[in-house]
Number of protein chains: 2
Amino acid sequence: MSTPPPPPPRKRVTAAMVAERAGTSIAAVSLVVNGKHRGRISDENAERVRAAVRELGYVVDSTASALARGTSDVVVLLAPDLPNPFFGRVINAVQETLGERFQLLLFASPTGAQPTVADVRRLAALRPAGLLVSAPTVEFLDDAPAGVPLVLLDAPGLEDRAPAVNYDLASGVRALIAHLAERGHRVIGYLDGSTPAATYELRRTLLQAEAERRGMTLLTTPRVRSRPDIAEAMAAAEASLPAWRAAGATAVIAASDTLAHGVLAACARAGLRVPEDIAVAGFDDLPASAVTAPALTSVALPGDLLGSVAARLLVSLIDGGEAPEPAELPAALVVRASTG
Amino acid sequence: MSTPPPPPPRKRVTAAMVAERAGTSIAAVSLVVNGKHRGRISDENAERVRAAVRELGYVVDSTASALARGTSDVVVLLAPDLPNPFFGRVINAVQETLGERFQLLLFASPTGAQPTVADVRRLAALRPAGLLVSAPTVEFLDDAPAGVPLVLLDAPGLEDRAPAVNYDLASGVRALIAHLAERGHRVIGYLDGSTPAATYELRRTLLQAEAERRGMTLLTTPRVRSRPDIAEAMAAAEASLPAWRAAGATAVIAASDTLAHGVLAACARAGLRVPEDIAVAGFDDLPASAVTAPALTSVALPGDLLGSVAARLLVSLIDGGEAPEPAELPAALVVRASTG
DNA sequence: CTGAAAGCGCTTACAG
DNA sequence: CTGAAAGCGCTTACAG
């Protein structure tokens, strides 16, 4: 009887084992698996290394590689609002764009808060290959680790601090206010995000300026805010609807669709018909916004575009490329039933 | 004129620098920052180390630490359906439960596909502290890296392969079918997920068995499937509604709320009233399901519970704890307008 | 309680 | 084209 083949050794495969099998040095293995062997290793030896890699199932140990090179293959995505469905598409696009070369590490500070200095230090200790930071504040950028390629997502006004990928919020806001003006709305309630980010600041100020320009009023005092959570947004809207209505508001804009979903829920509970009694609009154009009751008018902020463009930019920075002109992503108004 | 204070050295702070400042050895620094100094370092020296750490802003280099220890602080979450809003809460809960000790790395295979052997090898090369795997197939588990603590999420039937945190889908299904039976439905269309995961298999077979038990019919031939994407689900439902209706279906169940949102959209486009012409229900109870048109009946699968319980279990495994009895999470039916 | 030293598994000048 | 060796910054026996 023939003995069964010995079980594959449970030991982890190292470059030394590959080198021994291929009859080369460890250095040769490193050069070949990293594709740096042109003109340094004979074709024959390179092929032997490749064969040994295949046979043994060798994969470079990323911790050792990171230590030797001084940087890892990890790209960190920092986002204050991770649980927001908006980020699903961003994350997905980032991941697909990064491909097999980088690993995506998520970092979300406790909802809404900005990362602390200690957080930033711990991130830097990972020796990330690059950082993607969504909706940052200026304060965060002051603490950002030096020497790490950095791309900002949806960080209007911070373009001078780092390469940024932003939406053309001004166009979207103009279209939204024009649309509401045309429908005869003069006073508009506003539900703001509670995340302290430049993009929310800008959304509010743009809306306000554009409304004023047309002789309309955006109600921002008192400031009504909520984290990106439907239940919390509903509570905030429910508490504010009487005051908004008393001030003559016939429409409510929310800083994001998730917040707008909360407004819709609050209107339903208050027995208000949308859009007859009150119109509602948001930002993001989440997939679910096409099926809400009623379907939601929204300034579409394509998250997949944001993720893919930012990731592509980051990779080019990591590879030593120059930061190209920051491109603005479209922010188009999608009109649906919630604004009649 | 006094010279300005020299800028803080841009050099990265190492344990050697801390040791020099504290007047101790590097080993002492390591022991103190890792809290392993009890009975090994004098209180006085420990305090000097802590002071030096504070003054220099020292953080342990995680790549070097991982290499020396043979394992990193990274916990990998593998999920086939990451862009699905369902995962927002899971991710958030996992992250909060892991706290500062671990970093969360996301791995999503191209939507719906299972990770390949090569993917698994690359993950293993990160030397993760642990793995969280959502909705896996049996095949994946055969390739899973050995020797890495592993917890499965929503992996019914795979409990014997690894510690798992599952929902009590049977109860949820029973309640849903009972509810529909009570409303007089006898024939039900089914929109399945296209992700090849045990949880989707189980949802379908449980529904089918429970329907049969009550003399009802779940239409599963031909199998209608979609990825967790509203647009794709809408297209699938739109194509199947005529056949479902022709077979006498007065209700449609979708394997997840995201899919159900697509069904709602398809009904709206087909001019069908929900629930008068056709009732609709899903699984997950996404936040948005409370504000869809109409609000969606759903078997609630609390993602935050799934994430926190699984993460807590994983941490205990990492710390050498025994895998406790797998607890089943509740899956309660939430009845809303979409089923009348 | 303390420190010198080996070792983790790579990458990269460097000398042939 | 090739390989021996230093070095990345830790952690952990080990000998005092």
Side-chain angles (χ1 to χ4, degrees), chain A residues 9 11-49 52-53 56-74 121-122 124-129 147, chain B residues 9 11-49 52-53 56-74 121-122 124-129 147:
Chain A
K11 273 301 292 166
R12 102 193 3 150
V13 180
T14 67
M17 295 161 66
V18 174
E20 185 179 357
R21 179 163 195 130
T24 67
S25 68
I26 296 177
V29 173
S30 176
L31 291 171
V32 170
V33 298
N34 289 309
K36 299 183 179 171
H37 57 110
R38 318 241 73 223
R40 313 261 290 103
I41 306 288
S42 65
D43 287 353
E44 193 192 324
N45 272 354
E47 192 41 59
R48 299 172 65 109
V49 167
V53 164
L56 297 174
Y58 173 68
V59 179
V60 176
D61 181 296
S62 69
T63 65
S65 173
L67 177 58
R69 284 182 299 137
T71 175
S72 72
D73 289 330
V74 165
R121 271 198 193 136
R122 285 192 305 126
L126 291 168
R127 308 246 168 282
Chain B
K11 272 301 291 166
R12 104 188 7 146
V13 180
T14 67
M17 295 162 67
V18 175
E20 185 180 357
R21 179 164 194 128
T24 68
S25 68
I26 295 178
V29 174
S30 175
L31 291 171
V32 170
V33 297
N34 289 308
K36 299 183 178 172
H37 56 110
R38 318 243 70 223
R40 316 259 290 100
I41 307 288
S42 66
D43 288 354
E44 193 192 325
N45 272 354
E47 192 41 60
R48 298 172 67 110
V49 167
V53 164
L56 297 175
Y58 171 69
V59 179
V60 176
D61 181 296
S62 69
T63 64
S65 173
L67 178 59
R69 284 181 300 137
T71 175
S72 73
D73 289 330
V74 165
R121 273 199 192 134
R122 286 193 304 126
L126 290 168
R127 307 245 169 283

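Here is the naming used below: chain letters follow the sequence lines, and residue numbers restart at 1 for every chain. Everything quoted here is computed from the prediction, not taken from an experiment.
- Within the nucleic acid shown, A:Val60 comes within 4.0 Å of sugar-phosphate atoms alone, with no base atom in reach, counting heavy atoms only.
- Atom CG of B:Asn34 and atom C1' of D:dC10 are 9 Å apart (whole Å).
- Listed nucleotides D:dG9, D:dG7, D:dT11 differ in distance to A:Ala68; the shortest reach to its side chain belongs to D:dG7.
- Contact annotation: B:Ser65 side-chain N/O to D:dT11 OP1/OP2 distance is under 4.0 Å.
- One can place CG of B:Leu67 at 12 Å from C1' of C:dT11, the figure rounded to the nearest angstrom.
- Checking the phosphate oxygens (OP1, OP2) of C:dG9, a side-chain nitrogen or oxygen of A:Arg12 falls inside 4.0 Å.
- Residue A:Ile41 is the one, among A:Ile41 and A:Ile26, whose nearest nucleotide of DNA chain D lies closer to the 5' end (criterion: closest heavy atom).
- Remark: D:dA4 base-pairs with no nucleotide in the shown strands. Criterion, Watson-Crick or G-U wobble with two distances under 3.5 Å.
- Rounded to whole angstrom, the span from the CG atom of A:Leu31 across to the C1' atom of C:dC10 amounts to 12 Å.
- DNA chain C is contacted by both B:Arg127 and B:Gly39; B:Gly39 maps to the nucleotide lying nearer its 5′ end (nearest heavy atom per residue).
- Between B:Tyr58 and the phosphate of D:dC10, there is a side-chain N or O to OP1/OP2 separation shorter than 4.0 Å.
- Summarising the geometry, atom CZ belonging to B:Arg122 is positioned 9.5 Å from atom CG belonging to A:Asp73; distances are rounded to the nearest 0.5 Å.
- Regarding contacts with the backbone of D:dT2, every side-chain N or O of A:Arg40 stays at 4.0 angstrom or more from both OP1 and OP2.
- In this structure D:dA13 sits in no base pair that meets the Watson-Crick or G-U test at under 3.5 Å.
- Map B:Ala15 and A:Asn45 each onto its nearest nucleotide of DNA chain D; the residue landing nearer the 5' end is A:Asn45.
- Between A:Thr14 and B:Ser42, the residue anchored nearer the 5' end of DNA chain C, judged by the nucleotide with its closest heavy atom, is B:Ser42.
- Atom P of nucleotide C:dG3 and atom NE2 of B:His37 are separated by 16 Å, given to the nearest angstrom.
- Put simply, CG on B:Leu56 and CZ on B:Arg21 are 5.0 Å apart, with the number rounded to the nearest 0.5 Å.
- Taking atom CG of residue B:Asp61 and atom P of nucleotide D:dT11, one finds them 9 Å apart after rounding to whole Å.
- Atom CG of A:Leu31 is separated from atom CG of A:Asn45 by 11.5 Å, given to the nearest 0.5 angstrom.
- When all heavy atoms of A:Ala15 and A:Ile26 are compared, the pair lying nearest together is CB-CG2, 4.0 Å.
- Minimum heavy-atom separation, B:Ser65 to B:Val60: CB-CG1, 3.8 Å.
- For B:Glu20 and C:dG3, the CD to P distance is 14 Å, given to the nearest whole Å.
- Between A:Lys36 and the phosphate of C:dT11, there is no side-chain N or O to OP1/OP2 separation shorter than 4.0 Å.
- Between A:Thr24 and D:dT2 there is no side-chain N or O to OP1 or OP2 distance below 4.0 Å.
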